[in-house]
Structure formats: structure tokens, C-alpha cells
Colleague: 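Please find one structure pasted underneath; my questions will follow.
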Amino acid sequence: MWARFTAVTGLVLAGVLALPGVAMAKPKDLDIPVGTWLAARTHPAVQLTSVSYTADVAVPTPVANLEAIRGLTQQGVAAVQSGKISSDENSIYRWVVQQMAKEPGRYFSPGAPERVVEATAGGLCTGWWVTPDGYMVTAAHCVGQEESELAQTFATQALTKINEKDAADLVASLGDIASDDEIVRTAAKIFQVWNADNIKIRNVQSSLSLLQSLPGGGVDKTAKAVPIELVAKGTVYPGKDVAILKANGQNNLPTVPLGQDSDVRVGDTLYISGFPGTVTQTSIFNIESKLDPAFTEGPYNASRQTPEGVPYIQTQAPSYPGNSGGPVFSKDGNVIGILVGGLIQQDGGSTEGESFVLPVSIVREKLNEKNIKSAESVTTKAYNEALDLFFKNHYSDALPKFREVQALQPNHPYVAKYITDSQQAITAGKDESSSSILPWVLWGGGGLLVLFVLGTLGAVLRGKRRSKVPPSSFPPVPYGAQPGYLPPGQGQYGHPAQHGQHGQPYGVPPQQPYPQRPPYPLPAAPEDTRAVRPQSPYGAPQQKPGPGANTRIAGLEAELEQLRRNMGQRPPDQR
């Protein structure tokens, strides 16, 4: 009996005391939005990347083509005479400058001297770790530009002062109309285009790097550049715009898992993580803000394909310059593609519903070319387990997991804050970990079980101690009964006649101690019990009845008969 009882109570206690599992929880299990769950899990692996160039940049001095400008002026006079433009001087010059901006090369020619500057240029994009030892995925156009594209970049970034001077010279040559802002803006556009068309770039040096927080377990106010090498590169958009990078000397980096193209279909919600230039290239926010990825979401609108057969996904999830190279996730947290581009409005934002994603199958194809296998890091595994506990309000259980993450990856950008948040939640009494609620469970429903176990164990031990009393100290009892028990029907489990009001068994003198009853009823005594002496249930040898034995038996039978009559008159459920 005891072995069976122990097994059953052990199983029940195991259920009461069971700790939370480490299986990956889903947002619906944690009662949080999908976006919140995804952002928390994936942000550590998403990195701000930088490509920078240094070069000697030369542009000739623009020389006005007087004959072409004279002809343009005559056209302006004709436009005034026909009523197409106003006859005031500002309106005429505004019209002339607008025509120049349409075709700057027609009205200006390269001349001497050549103006040379030591220039730097660059751009910021998004990348993400796919292996713990430092392999990263980004977009091809984020790691290098064609010469024509680089010339345009220098024209708008490195030649700003030269462009401004050329525009000022043109406005001054037109007369005292510099106060006309539209003419000044149009003149600036003329030389942005013209200088870009005539630029010469020499001694180009390029470098790739990541911008990360300094060691310390959190995002510091200063970032450091970590060099990274180009491993493989596809063709830029609208081609297979993907690149593989490698940062050396890395280990235990946070990673994100790759999914399959079939994980999503039209109508599903897609999630984009990355660093929009609207944030990274402004002075409004500090470096801490700039190193934190932005998360957007929107529906999978359509499947597209280029004339060369390259597949693309169109999504309504917002994206901006700087998001290029960022991972795109399904609701299950797997990467289903890489953000490549979109149609850009004049204000720098993407045209709604026109962000384009290169499917993850192309990413896998490029990784396979270099025999690179994506893998989950031990850091990510521990971090995700800690997050699941944190979102369940199991702060005491999450805290050691977060500390494990910090030991594995001291540069982890978010774990320090989670450690602080967990400690504050515990102090505020918000912890719902198993260790913190166990006493309440035990003294609630579980407490009854424990009390039952302890009570039963005590009863068994008391019965064993009583079993050592010599058999001769027990009075004779009818056949089929045990000390302290009535015949069947007079004291079985659940029957009203089980116990007296003070806890003493019926049918025996109150002053006599008796062992506990067995866990089963015994058969009724035969009609003739006068000449029967039961063998002791504890193994003692039989003895002949002594003087007065029959008298005691008869007296006991009388007591039992009286008890039966009394029990027939006793109200039910009285104990």
C-alpha cells in the first residue's frame, strides 16, 4: 500500500512543483503582440553597417557657353512677348535658370583650373548575423557602388562647398536678384548635376565596418567601428542584391534563423528590422537611439519578378534609405527575405506599398556558394529562453538566464537593461516565478496534499510502534475483525459508524490503545465464535483461553449488539 501511495503522491507533487519549461513560447502563449515578441528576439542580431570611401576628387571649373546662353535669353524675350511669362526681370531670369537646369551640359563647358579636394563619402545600411562566429548578410548595394553611382555620391556629399560656390557665382552674374530663393535653389541643382557629370575620382580607398556599442553589456554613448570583410556579392537591384560579410575574431554572436520562401504568402504580415536614414543621419537623436533598430510591419502585397527572372516580394511594410540589407521576418520569427529597396518619394520616404524584398532562397543560394551554414548561437538560445520567462513575469527565473547571456556575450546591447528591469520587477513584487509562488500553492490546493501525506505517514509510523505491544495485552475479538474495528457494515470507510465523537473506535474500551485498521473490510464472523481463538495478526503463538475468556467474549458481544442498536438511532454524518 505504502509504495503505491508514494508513487501517486509523487506524481501529484511533481505536477505542483514543476518548473517552467524551456520550449520556445509563442506570442499567443505570452499574451503579447507578435511585433513585440519579434523585436525583442531579433534586435540583438541586427547591426548598423557602414561603407566609407576616401579619394582625391577633381572637377573642372565651369565655363559658360555664351552663345547657348544668348540663344536661351532670346527665347525668354519671345516668351514674354507671347505672354507665357511675366515681363519683370526676376520672372525672366527665373525662367532662364530653370531651362539651364534641364540640360546643364549645354550651357557650361569644362575649363581650367581643375579643382581637387581630398574627399570622404559613405553610407549606412543594415546587416544581420547568421552564424555565431561572424558571418553577416546585407544587400549588395550596401557594400560597394559602381563608378557612376560613386561619382553621384561625391557630387552630393564631398563637393558640397564647390557646388555652393558655383551656384553663387551664377546667381551673381545674373544681377541683383539673389534674394529670389527659387533662383538660388535652381542654380544649386544645376551644378550638382554638372559637377557629377564632370567629376574625376582618383586613389579610391574603401572600407566596411559595423557600428557597435562599446563593451559593457549595454548601448553606450560612444560607438566603435568593427572592421568587416566582403566575402561574396551579387548584382545590385534589380538583380540578386545580396552580399555576405565576415567579422573576424567573433564568437557567441546573437543570430536570427533563416526560413523558407514558402513560410509566407500573399496576405501574410511581414516584419522589417533595420536602421532608417531618417534617424541615423539626423542630429535630433543621440547615438544610443541611432544604434537601436526600427521595426515596421505590413502585408505581403504581391509576388513580382524582374525581366531577368529574379523574384521579389512587394510589401506594404514601410522602409527607408538605410533599411537596405535588413532582415524581413514571418510571424514565427524566421527570416523570409532581405529588404532591398523601394520607390522613394522626394521627402525620402518610401512610396506606400512599394517596398521590395529579395526572398530568402536567394540568400541561401549565396551562402551555399561559400559553404556557409547558418546556425543558432548559444547566446541566442539562452537569450530567447530568458525572454520567454521575462514576458511570463517569471523574473526570478529569467534573471540567471540573462546573466548567462551577459557572460557569453559581454557586448550584448540589450541584456543589461533586461537584468535591471527584472531586478526592479522582483523588488516591486511583480515576480510570478515558480519559486516565488510555491508557498502559496502549497498552502492552497497543494497544502492539503502535503498535510494529507504527513498525516498518513504519521499514522503508519504510529501503527508500527503499536505493533510492538505483546499480543496478550489485547482482549479477544470476534473472528474476522481486527482490534479497533467493527464487523462489516458497522465501521467501514465512509460509514457513519466509523468513529466516535472523540476519535476513539467503537467496540473497544476507550482506555485501550489499538493499531490502525487495515485498508480493506474483513468478512463477518461466523455464528459460533465461542470455541474459536483467532491467530494473532502479528505472528504471536496461539494460547489456550484462560479463565473468564468466555465471559469476556460474551460481554464484548453484548456491547457490540448494544452498539448496533445505538448506531441504528444515530443521525447520519455525525462524527
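Reckoned from all heavy atoms, side chains included, excluding hydrogens, waters and symmetry mates.
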Colleague: Tell me whether the rings of F390 and F402 are parallel (<30°), tilted (30 to 60°) or perpendicular (>60°).
Modeller: perpendicular
Colleague: With a 4.5 Å heavy-atom cut-off, do V266 and Y300 have their side chains touching?
Modeller: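 They are in side-chain contact.
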Colleague: Look only at the side chain of S91 and the backbone of S87, and say whether a donor-acceptor pair between them is shorter than 3.5 Å.
Modeller: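 No, because the side chain of S91 does not come within donor-acceptor range (under 3.5 Å) of the backbone of S87.
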Colleague: Please name the pair of heavy atoms, one in A317 and one in S355, separated by the smallest distance, quoted to 0.1 Å.
Modeller: O-OG, 3.1 Å
Colleague: Before giving the answer on side-chain contact (heavy atoms from CB on, under 4.5 Å), spell out for T49 and I228 the whole-Å C-alpha distance, their side-chain angles and the decisive distance to 0.1 Å.
Modeller: CA-CA 9 Å; T49 67; I228 194 164; over 6 Å; no
Colleague: Taking R364 for the side chain and G259 for the main chain, is one N or O donor matched with an acceptor at less than 3.5 Å?
Modeller: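 At least one qualifying donor-acceptor pair exists.
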Colleague: Looking at I92 and S86, what are the two nearest heavy atoms and their distance?
Modeller: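 Minimum heavy-atom separation between I92 and S86: CG1-O, 3.9 Å.
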Colleague: Which of these, C125, P276, S273, sits in a side-chain contact (heavy atoms from CB on, under 4.5 Å) with N323?
Modeller: P276
Colleague: Taking all non-hydrogen atoms of both residues, which atom of I85 and which atom of G76 are closest, and how far apart?
Modeller: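 Residues I85 and G76, closest heavy atoms: CD1-O, 3.6 Å.
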Colleague: Once you round to the nearest 0.5 Å, how far does CG of D292 lie from OG1 of T280?
Modeller: 12.5 Å
Colleague: About how many Å separate CG of N301 and CD of E354, when rounded to the nearest 0.5 Å?
Modeller: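 The distance works out to 9.5 Å.
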Colleague: Does any part of the side chain of L367, heavy atoms only, come nearer than 4.5 Å to the side chain of L258, both counted from C-beta?
Modeller: yes
Colleague: Before you tell me yes or no, could you show the steps for L159 and I199 under side-chain contact (heavy atoms from CB on, under 4.5 Å), namely the whole-Å CA-CA distance, both residues' side-chain angles and the distance that decides it to 0.1 Å?
Modeller: CA-CA 10 Å; L159 300 179; I199 196 171; 3.5 Å; yes
Colleague: Any non-hydrogen side-chain atom of P110 less than 4.5 Å from a side-chain atom of W194?
Modeller: yes
Colleague: Between S361 and D261, is there a donor-acceptor pair closer than 3.5 Å when you use the side chain of the first and the backbone of the second?
Modeller: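 Between the backbone of D261 and the side chain of S361 there is no qualifying donor-acceptor contact (under 3.5 Å).
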Colleague: side-chain contact (heavy atoms from CB on, under 4.5 Å), that's the test. Do F275 and L124 meet it? Break it down for me.
Modeller: CA-CA 8 Å; F275 298 88; L124 299 173; over 6 Å; no
Colleague: Are the side chains of Y53 and I201 in touch, meaning some heavy atoms are under 4.5 Å apart?
Modeller: no
Colleague: Would you check if there is a donor-acceptor pair between the side chains of S52 and S207 at a distance under 3.5 Å?
Modeller: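 Yes - a donor-acceptor pair under 3.5 Å links their side chains.
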Colleague: How about V46 and P327: do any of their side-chain heavy atoms sit closer than 4.5 Å?
Modeller: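 Yes, at least one pair of side-chain atoms sits under 4.5 Å.
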Colleague: Within a reach of under 6.0 Å around CD of Q305, are more than 12 heavy atoms found that belong to other residues, nucleotides or ligands?
Modeller: yes
Colleague: With distance as the sole test, does T269 use its side chain to make a donor-acceptor pair with the main-chain N or O of P299 at under 3.5 Å?
Modeller: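 Judged by distance alone, no pair lies under 3.5 Å.
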Colleague: When you look at NZ of K290, are more than 12 heavy atoms from neighbouring residues, nucleotides or ligands closer to it than 6.0 Å?
Modeller: yes
Colleague: Could you walk me through whether D388 and R41 pass salt bridge (Lys or Arg N to Asp or Glu O under 4.0 Å), step by step?
Modeller: CA-CA 10 Å; D388 289 344; R41 295 171 72 90; 3.5 Å; yes
Colleague: Taking only residues two or more places apart in sequence, or in another chain, which ones meet D263 in a side-chain contact (heavy atoms from CB on, under 4.5 Å)?
Modeller: Q260, N334, I336
Colleague: Between W129 and A247, which heavy-atom pair has the shortest distance, and what is it?
Modeller: CH2-CB, 3.7 Å
Colleague: For the side chain of T296 and the backbone of P318, is there at least one donor-acceptor N/O pair under 3.5 Å apart?
Modeller: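 Between the backbone of P318 and the side chain of T296 there is a qualifying donor-acceptor contact (under 3.5 Å).
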Colleague: Got Q314 and Y312 here, is their nearest side-chain heavy-atom distance under 4.5 Å?
Modeller: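 No, their side chains stay 4.5 Å or more apart.
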Colleague: Would a distance-only check, ignoring hydrogens and angles, find a side-chain to backbone donor-acceptor pair under 3.5 Å from Q409 to N252?
Modeller: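 Here the side-chain-to-backbone pair exists.
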Colleague: First locate atom OG1 of T255, then atom OH of Y383, and finally report the distance between them rounded to the nearest 0.5 Å.
Modeller: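 Going from the OG1 atom of T255 to the OH atom of Y383 covers 12.5 Å.
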Colleague: Say you draw a straight line from CG of L270 to CZ of F329; how long is it, rounded to the nearest 0.5 Å?
Modeller: 11.5 Å
Colleague: Taking D241 first and then K366, would you say they form a salt bridge - that is, a charged N and a carboxylate O separated by under 4.0 Å?
Modeller: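 No.
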Colleague: Give a yes or no answer on whether the side chain of R115 reaches the backbone of P60 with a donor-acceptor pair at less than 3.5 Å.
Modeller: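 Side chain of R115 to backbone of P60, a donor-acceptor pair under 3.5 Å: yes, one is there.
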Colleague: In sequence, state the C-alpha distance, the side-chain angles, and the governing distance for E404 and K401, and then conclude on salt bridge (Lys or Arg N to Asp or Glu O under 4.0 Å).
Modeller: CA-CA 5 Å; E404 178 185 344; K401 276 289 181 183; 3.6 Å; yes
Colleague: Can any side-chain N or O of N203 pair as donor or acceptor with the backbone N or O of D56 at less than 3.5 Å?
Modeller: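 Answer holds: no.
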Colleague: Can you name the one residue among T138, I372, V130, L230 that meets side-chain contact (heavy atoms from CB on, under 4.5 Å) with I244?
Modeller: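 Among T138, I372, V130, L230, the one meeting side-chain contact (heavy atoms from CB on, under 4.5 Å) with I244 is I372.
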Colleague: Begin from the C-alpha positions of E114 and R202 and carry the test salt bridge (Lys or Arg N to Asp or Glu O under 4.0 Å) through to its verdict.
Modeller: CA-CA 13 Å; E114 187 178 66; R202 308 183 182 101; 3.4 Å; yes
Colleague: State whether the number of non-hydrogen atoms from other residues, nucleotides or ligands found under 6.0 Å of K331 atom NZ is greater than 12.
Modeller: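 Check fails, neighbour count at 12 or below.
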Colleague: More than 12 heavy atoms of other residues, nucleotides or ligands under 6.0 Å from NZ of K240: yes or no?
Modeller: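 Counting other residues, nucleotides and ligands, NZ of K240 stays at 12 neighbours or fewer.
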Colleague: Can you confirm whether P113 sits close enough to T61 that some side-chain heavy atom of one is under 4.5 Å from a side-chain heavy atom of the other?
Modeller: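 They are in side-chain contact.
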Colleague: Would you say the side-chain atoms of T379 pair up with the backbone N or O of P254, donor to acceptor, closer than 3.5 Å?
Modeller: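 No; zero donor-acceptor contacts below 3.5 Å.
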Colleague: Walk me through whether K165 and F191 qualify under side-chain contact (heavy atoms from CB on, under 4.5 Å).
Modeller: CA-CA 9 Å; K165 183 179 183 304; F191 292 103; over 6 Å; no
Colleague: Quiz question: by atom type and distance under 3.5 Å, do the side chains of D421 and Y395 form a donor-acceptor pair?
Modeller: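 The answer is no; no qualifying pair exists.
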Colleague: With distance as the sole criterion, is a donor-acceptor pair present between the side chains of D133 and T131 under 3.5 Å?
Modeller: yes
Colleague: For the residue pair L208 and C142, what are the closest heavy atoms and their distance?
Modeller: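 The pair with the smallest heavy-atom distance is CD2-O, 4.3 Å.
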Colleague: Nearest 0.5 Å, what's the OG1-CD distance between T73 and Q75?
Modeller: 9.0 Å
Colleague: On a heavy-atom basis, which atom in P311 and which in L358 lie closest, and how many Å separate them?
Modeller: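 That would be O-CD1, 3.7 Å.
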Colleague: Check whether T282 reaches the backbone of V279 with its side chain - one donor and one acceptor, N or O, closer than 3.5 Å.
Modeller: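 The answer is no, because no donor-acceptor pair under 3.5 Å joins these two groups.
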Colleague: Check whether any side-chain heavy atom of W128 lies under 4.5 Å from a side-chain heavy atom of M136, and answer yes or no.
Modeller: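 Result no, sub-4.5 Å side-chain heavy-atom pair not found.
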Colleague: Once rounded to the nearest 0.5 Å, what's the spacing between atom OH of Y418 and atom CG of L387?
Modeller: 5.0 Å
